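Working notes for the structure below.
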Number of protein chains: 2
Amino acid sequence: MSSFHKMSINCNFISETLDCMLEKSHKHVSCASCSARKDSLFGNYCDHELDELDESKSCNYYKKNQPLFIEGSFPRGVFCLNGGKVKVFTRGDEGKEQIIHIAKEGEIIGFRAMFSGEPYKVSASTLEECNICYIGKEDFLNMIESNAVLRNGIMKELSKELGERAVFITNMAQKSVRERLAFALLILHDVYKPEQINLTREDLANFVGTATETLIRLLKDFKEEGVIEIHTRKLEIVDANKLERIAGAR
Amino acid sequence: MSSFHKMSINCNFISETLDCMLEKSHKHVSCASCSARKDSLFGNYCDHELDELDESKSCNYYKKNQPLFIEGSFPRGVFCLNGGKVKVFTRGDEGKEQIIHIAKEGEIIGFRAMFSGEPYKVSASTLEECNICYIGKEDFLNMIESNAVLRNGIMKELSKELGERAVFITNMAQKSVRERLAFALLILHDVYKPEQINLTREDLANFVGTATETLIRLLKDFKEEGVIEIHTRKLEIVDANKLERIAGAR
DNA sequence: CTAAAAAAATGATGTATGTCATCTTTCCAT
DNA sequence: ATGGAAAGATGACATACATCATTTTTTTAG
């Protein structure tokens with residue numbers, strides 16, 4: 001319901017939204033009117049660039065837990081997240097997911113494998129109902145080639161993520177599960193705001209890198225310490241400062 | 001001594017090498033004659049591009065354990081590794097190093113922060129005697145802007161590393177120390193060949209993400225199982241297949 | 001609205017790995 | 001060559017966390 005509300009903001013008319021969501025139509029959501037765009041790499045596109053972008057993209061509705069792409073397959077285009085949250089993850093040897101990133105509105109997903117020439121090293125699937133646009137490989141690469149601003153934005157994004165992952169690796173190697181959970185909650189707080197964090201315990205455990213049971217116990221600790229409130233599936237951050245202290249420096 | 005030999009290959013004359021190494025001169029090693037170049041992003045440069053590259057770079061000799069750059073500072077240029085090995089690492093809250101990557105001849109180091117506009121998220125320092133060229137920020141960015149092949153090479157490299165780090169994170173989160181050590185040894189085997197792995201136990205532990213004592217015990221196990229030989233500081237991989245089996249899939 | 005399935009919660013138990021303390025070997029500068 | 005420092009090795013011990021088994025709660029589908 002709150003995600004429904006959010007979604008409606010991103011479309012021109014309620015009727016279009018309903019088509020989009022309830023009837024899974026592939027109705028075009030124009031980039032010019034996409035509210036997620038301003039925070040995206042296309043944020044500073046001018047009118048004719050937007051028209052061109054509109055031409056080359058398709059728009060799709062995804063139900064909860066639908067895959068966008070799967071580890072090992074080859075990319076045919078990139079995904080531009082108009083509404084909803086998407087998890088990006090790999091599977092370890094025993095099939096257990098390790099969530100690398102949770103993407104929100106405005107993010108472009110899956111462009112890494114486009115440049116590396118390798119198959120996807122990660123999978124991506126929706127965590128909730130999503131509206132996602134799709135740009136074919138050729139169109140996207142042409143845009144990159146001809147538009148220096150977009151290209152620099154992409155390079156900046158790749159570089160930023162690379163830095164973040166170095167920190168992620170260090171946290172995994174050196175922090176306790178308790179510290180990592182605090183760290184993860186802070187990240188998710190940022191991703192989900194102004195809404196509350198809304199993930200299954202299993203997904204959260206797979207993001208933190210721990211067993212579901214351990215995660216549940218630690219959440220309970222945090223609740224008893226007054227740093228979070230648990231509203232069934234939704235987690236509310238009550239004391240972010242304390243979380244930061246628990247998570248340690250950085 | 002064997003690293004001395006290797007170094008000499010990369011310079012035009014022995015006398016130049018000696019200057020370079022023993023007297024720490026900044027004598028120019030020409031890119032045209034750099035044997036590390038063929039495997040690098042500059043591998044397919046033509047003559048006049050090489051001249052240009054030569055103009056804009058400086059060449060320096062580094063002793064063992066010297067820093068190239070430090071986490072938190074801002075980049076002023078990139079480093080191009082002509083000879084020797086370099087570790088790239090972050091420090092956790094208690095100052096413990098987590099090694100993210102070990103770079104070898106031909107690699108360009110430190111270009112991530114150049115694009116992200118952020119300070120370095122990692123530090124880099126030499127693991128042995130090194131010959132390292134340096135290209136200033138402005139020159140490098142100009143090259144990127146004007147040379148599409150180099151640019152695409154950089155984007156490919158960024159993308160590949162991003163994928164590798166997703167795997168690294170998953171390994172950290174889900175594999176046992178024993179499995180991670182096997183995995184690390186295979187990576188290092190590749191980096192160091194045709195030489196033997198040559199790292200302190202502490203550095204190796206900081207790469208695997210474990211305590212030095214634990215690492216030492218596991219090395220002993222591997223030795224007793226006949227997968228490695230330990231020649232004091234140097235590690236010889238005897239049975240790579242078995243290591244792969246221990247490391248698990250991927 | 002209800003039944004079945006999925007998710008969440010809780011307890012009991014084992015173990016891989018970190019920590020601390022001590023000793024030995026190797027390295028390196030003088 | 002030699003002595004001090006760094007690196008390597010080994011043992012004893014503690015514990016954070018995973019695993020397994022079971023129960024309760026929530027969600028979903030018919």
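Being a predicted model, the structure only gives us computed values, none of them experimental. Here is the naming used below: chain letters follow the sequence lines, and residue numbers restart at 1 for every chain.
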Once you round it to whole Å, what is the distance between P of C/dA9 and CD of A/Glu202? 14 Å

Not counting sequence neighbours, which residues clear side chain to side chain donor-acceptor pair (under 3.5 Å) with A/Glu179? List them please. A/Ser176

Are A/Ile100 and B/Thr170 close enough that some pair of their side-chain heavy atoms sits under 4.5 Å apart? yes

Nearest 0.5 angstrom please: B/Met172 CE to B/Gln98 CD, how far? 4.0 Å

With a sphere of 6.0 Å drawn around CD of A/Glu202, does it hold more than 12 non-hydrogen atoms of other residues, nucleotides or ligands? no

Shorter than 3.5 Å, N or O on both sides, protein versus nucleotides 11-21 of chain C: list them out with atom names.
{"residue": "C/dG11", "atom": "N7", "partner": "A/Arg217", "partner atom": "NH1", "Å": "2.9"}
{"residue": "C/dG11", "atom": "O6", "partner": "A/Arg217", "partner atom": "NH2", "Å": "3.2"}
{"residue": "C/dT17", "atom": "OP1", "partner": "B/Val177", "partner atom": "N", "Å": "2.9"}
{"residue": "C/dG18", "atom": "OP1", "partner": "B/Thr210", "partner atom": "OG1", "Å": "3.2"}
{"residue": "C/dG18", "atom": "OP2", "partner": "B/Thr210", "partner atom": "OG1", "Å": "2.6"}
{"residue": "C/dG18", "atom": "OP2", "partner": "B/Ala211", "partner atom": "N", "Å": "3.4"}
{"residue": "C/dG18", "atom": "OP2", "partner": "B/Thr214", "partner atom": "OG1", "Å": "2.7"}
{"residue": "C/dT19", "atom": "O4", "partner": "B/Arg217", "partner atom": "NH2", "Å": "3.1"}
{"residue": "C/dC20", "atom": "N4", "partner": "B/Glu213", "partner atom": "OE2", "Å": "3.1"}

Taking the side chain as everything from C-beta on, heavy atoms only, tell me whether B/Ile109 gets closer than 4.5 Å to B/Phe69. yes

Could you tell me the separation between the CD atom of B/Glu224 and the C1' atom of D/dT10, rounded to a whole number of Å? 13 Å

How close or far is atom P of D/dT28 from atom CD of A/Glu128, stated in whole angstroms? 13 Å

Got B/Leu199 and B/Ile102 here, is their nearest side-chain heavy-atom distance under 4.5 Å? yes

Using atom CG of B/Asn206 as one end and atom C1' of D/dG8 as the other, report the distance to the nearest whole Å. 15 Å

Taking CG from B/Leu204 and P from D/dA7, how many angstroms apart are they, rounded to a whole number? 14 Å

Just checking B/Lys96: does its NZ atom have more than 12 heavy atoms from other residues, nucleotides or ligands closer to it than 6.0 angstrom? yes

Any chance you could list the contact pattern along nucleotides 25-30 of chain C? Use B for base contacts, S for sugar-phosphate-only contacts and - for none, protein heavy atoms under 4.0 Å, 5' to 3'. -SS---

A/Phe79 versus A/Val86: any side-chain heavy-atom pair under 4.5 Å? no

Provide, to the nearest angstrom, the distance between the CD atom belonging to A/Gln174 and the C1' atom belonging to D/dA16. 17 Å

Roughly how many Å is it from CZ in A/Arg201 to C1' in D/dT25, rounded to a whole number? 11 Å

Among B/Glu164, B/Glu107, B/Lys87, find the one that has a side-chain hydrogen bond (donor to acceptor under 3.5 Å, both in side chains) with B/His101. B/Glu107

Can you tell me how far C1' of D/dA7 sits from CG of B/Asn65, to the nearest Å? 13 Å

